[in-house]
Amino acid sequence: AWRKQSLSAAAYTYIWADGVHFNVRLEDDRLACLVIIGVRPDGVKEVIALEDGYRESTESWATLLRDLKRRGLSAPKLAIADGALGFWAALRQVYPKTQEQRCWVHKIANALDKLPKRLQPRAKSHLHEIMRAPDRGNALAELRRFEHEYGDKYPKAVACLTKDKDTLFTFMAFPAAHWIHLRTPTRLS
């Protein structure tokens with residue numbers, strides 16, 4: 001009944017999406033649990049979708065988003081997710097006006113993975129400065145500083161960060177009080 005209930009009376013300003021993978025294989029396929037959490041204008045967070053999907057594919061996400069739309073879910077203002085291309089392609093199909101925010105926890109982990117262990121604590125501090133900048137201008141200045149410091153020796157780490165530059169700072173167009181929640185579904189310490 002929960003999976004079929006109408007969503008037309010509920011408005012969700014933001015949604016977080018992620019695929020959770022388990023070490024369970026059914027035949028040759030690895031299933032993912034597709035999860036979408038919505039936040040209402042009053043700040044209440046609710047799980048609005050929980051479905052199995054094939055590897056977080058575009059079609060799996062699109063099927064889930066189309067079902068939510070059919071049940072009355074209006075377009076959220078912002079979606080936050082990792083770099084899973086299937087979700088973003090599906091979101092653009094179903095809710096093309098919803099803005100995109102890449103998850104900073106995933107982005108930081110991916111960039112650090114491309115650096116030597118000895119540099120990771122310092123780089124992590126730099127990445128936090130970028131993410132926690134007071135405005136877009138300062139964030140971009142910190143990003144340029146990161147590029148300058150690591151670009152020559154570690155271009156893969158810089159490319160990992162800068163390839164999503166357009167969607168790393170979308171959260172800054174929303175109320176500053178919401179930023180801590182919009183940068184990532186997981187609060188950073």
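Everything numeric in this text was worked out from a predicted model, so none of it was measured. By convention here, the first residue in the shown sequence is residue 1.
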Could you measure the distance from the [atom1] atom of [X] to the [atom2] atom of [Y]? Nearest 0.5 Å is fine.
X      : Y      : atom1 : atom2 : value
Leu112 : Lys117 : CG    : NZ    : 9.0 Å
Tyr154 : Glu149 : OH    : CD    : 10.5 Å
Ser6   : Arg70  : OG    : CZ    : 10.0 Å
Asp67  : Leu73  : CG    : CG    : 10.0 Å

Considering all heavy atoms of both residues, which atom of [X] and which atom of [Y] are nearest to each other, and what is their separation?
X      : Y      : result
Gln99  : Thr170 : OE1-CG2, 3.4 Å
Gln5   : Arg71  : O-NE, 2.8 Å
Ala79  : Leu91  : CB-CD2, 3.7 Å
Leu115 : Gln120 : O-NE2, 3.0 Å
Leu34  : Gly19  : CD2-CA, 4.3 Å
Thr98  : Ala75  : OG1-CB, 3.9 Å

Between side-chain atoms of residues 157-166 and protein atoms elsewhere (two or more places apart, or another chain), which donor-acceptor pairs fall under 3.5 Å?
| residue | atom | partner | partner atom | Å |
| --- | --- | --- | --- | --- |
| Thr162 | OG1 | Val158 | O | 2.9 |
| Asp164 | OD2 | Lys107 | NZ | 2.5 |

Would you mind writing out the side-chain donor-acceptor pairs for residues 38-47 within the sub-3.5 Å range, not counting sequence neighbours?
| residue | atom | partner | partner atom | Å |
| --- | --- | --- | --- | --- |
| Arg40 | NE | Asp42 | OD1 | 3.3 |
| Arg40 | NH1 | Glu46 | OE2 | 2.7 |
| Arg40 | NH2 | Asp42 | OD2 | 2.8 |
| Asp42 | OD1 | Val44 | N | 3.1 |
| Glu46 | OE1 | Tyr12 | OH | 2.4 |

Is there a continuous path of hydrophobic side-chain contacts, each under 4.5 Å between heavy atoms, that joins [X] to [Y]?
X      : Y      : result
Ile80  : Leu65  : no
Trp2   : Val35  : yes
Trp104 : Trp179 : yes
Leu140 : Leu182 : yes

- Would a distance-only check, ignoring hydrogens and angles, find a side-chain to backbone donor-acceptor pair under 3.5 Å from Asn110 to His106? yes

Answer yes or no: is there a side-chain heavy-atom contact under 4.5 Å between [X] and [Y]?
X      : Y      : answer
Gln93  : Thr58  : yes
Leu119 : His126 : no
Cys33  : Asp52  : no
Tyr150 : Arg122 : yes
Met131 : Leu127 : no
Phe174 : Lys77  : yes
Leu78  : Thr13  : no
Ile36  : Trp16  : no

Applied to residues 78-93, the salt bridge (charged side-chain N to carboxylate O under 4.0 Å, His left out) test, sequence neighbours excluded, yields Arg92-Glu100

Residue pairs meeting ring-ring contact (aromatic ring centres under 6.0 Å, His included), one or both in residues 57-88, sequence neighbours left out, come to Trp61-Phe87

By ring-ring contact (aromatic ring centres under 6.0 Å, His included), Tyr95 pairs with (sequence neighbours left out) none

Going through the distances and angles, do Ile48 and Ile37 end up as a side chain to side chain contact (heavy atoms under 4.5 Å, CB included)? CA-CA 6 Å; Ile48 56 176; Ile37 297 171; over 6 Å; no

Sorted by chain and residue number, the side-chain hydrogen bond (donor to acceptor under 3.5 Å, both in side chains) partners of Asp135 (sequence neighbours excluded) come out as Asn138

Just checking Tyr14 against His178, ring centres under 6.0 Å apart?
yes

Item to complete: Please lay out, stage by stage, how Ser57 and Ser60 fare under the test side-chain hydrogen bond (donor to acceptor under 3.5 Å, both in side chains).
Response: CA-CA 5 Å; Ser57 69; Ser60 293; 3.0 Å; yes

Less than 4.0 angstrom from a charged side-chain N to a carboxylate O is my criterion; do Arg145 and Glu142 meet it? yes

**Prompt:** What's the verdict on side chain to side chain contact (heavy atoms under 4.5 Å, CB included) for Gln101 and Thr167, showing C-alpha distance, side-chain angles and the deciding distance?
**Reply:** CA-CA 5 Å; Gln101 172 63 47; Thr167 57; over 6 Å; no

